[in-house]
Amino acid sequence: MRPSLGSRPSICLRIVAAPAPFPPVSSLSRQLRTQKTALGTMSTSAQPGSNIISSSASSGVPPGKTEIKILMLHGYTQSGGVFSSKTKALSKLLIKALAPAPYALHPTLVYPTAPHRLRASDIPGYDPNSAEDDEDADTWAWFRKDEATGAYRGLAQGMEAVAAAVRAAGGVDGVCGFSQGGALAALVASALEHPHRTPPAAPDSSGDDWSWVESLRAANGGRPLRFCVVYSGFYAPLDSLRWMYEPPIATPNLQFIGSLDTVVDESRSQGLVDRCRDPQVVTHPGGHYVPVAKDWAMALAGWLRQRYENVDATAKQSL
């Protein structure tokens, strides 16, 4: 059964095995050190903009193709390099699917790494008796939830890192995020929409800092995004962020939900769906991961084609 697009999640009857959402903590550091060695381009620096991987950094844009830049935001405990590795098949399929006329597009995927380093004890399922040294663990977060208050600690720094990545890329046309990165992707799209939303008054006792909003808008040259794609994302239920969901997010968005996802409950993902205007939703019969099998990747490729099929070359250059 092929994935279906619709304004509400559809139920797919084909059942596939879902991988464990997180590796055993005891082997986390060893596994990620191996990933870093294989990738060869990873940085452990938390300086915004210093650890960005681009899918077209070496190959460039083919003649006759219009580049579209997609900001790729990884999930909690991942990095830009790890997310790039996990979505390599998706990247290749998009390049192939968007190249033919009348689209003639070449996607460049930009993979920044979040600024907040995580320890083994921050990973779900942490066992202090079996955990190894996490000094070199390549695990990062865009923000960290305060379990006592529910506040998102470090969100402003996470958004500044996103702004730095957008600036380094010379602006982006769309955003795609997974899990925590999916929640962030929706906030990025919201902040860049026209007319601009107005954040709450200057920082007060709550400690909210909205300087990142102007940084992000300036980094993208004042342009809104053309699309937003979310995998296993969720709504951020903070009073301080309500202005980003009211009115609903209008940027065209495609949201993937795993019917077997045990990390992000479906009700949390549905919360984000409900706060977007006319979202397209795909439910896949898997867990907490980005489905890269051809059927599911083509759902994304087909949706992106729709975004551009009526746009002429001149208009595409301005996106």
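Everything numeric here is computed off the predicted structure, so don't read it as measured data.
The side-chain heavy atoms of Pro199 and Trp243, taken from C-beta on, include a pair separated by under 4.5 Å. Proximity of Ser269 to Phe256: side-chain heavy atoms (C-beta onward) are nowhere separated by under 4.5 Å. Side chains of Tyr152 and Lys145 form a contact here, defined as non-hydrogen atoms less than 4.5 Å apart. At least one side-chain heavy atom of Phe83 sits less than 4.5 Å from a side-chain heavy atom of Val290. Two residues are said to be in side-chain contact when any heavy atoms from C-beta on lie closer than 4.5 Å; Pro237 and Arg268 fail this criterion. Annotation: side chain of Glu309 is in contact with side chain of Tyr103 (closest heavy-atom distance under 4.5 Å).
Note: His284 and Tyr289 meet the aromatic proximity criterion, with ring centroids under 6.0 Å apart.
Remark: the backbone N or O of Ser259 is not paired with any side-chain donor or acceptor of Thr283 at under 3.5 angstrom. Of the possible donor and acceptor atoms, none in the side chain of Ser215 sits under 3.5 Å from a partner among the backbone N and O of Glu160. Not one N or O on the side chain of His116 forms a donor-acceptor pair closer than 3.5 Å with the backbone of Arg144. Counting only distance, with no hydrogens or angles, the side chain of Arg167 and the backbone of Ala218 share no donor-acceptor pair below 3.5 Å. Asp261 contributes no side-chain N or O that, together with a main-chain N or O of Glu266, makes up a donor-acceptor pair within less than 3.5 Å.
Under the 6.0 Å distance and 45° angle rule, Arg307 does not count as a cation-pi partner of Phe227.
Side chains of Thr251 and Asn253: no donor on one and acceptor on the other come within 3.5 Å. Checking Thr66 against Tyr308 by side-chain atom types alone, no donor-acceptor pair falls below 3.5 Å.
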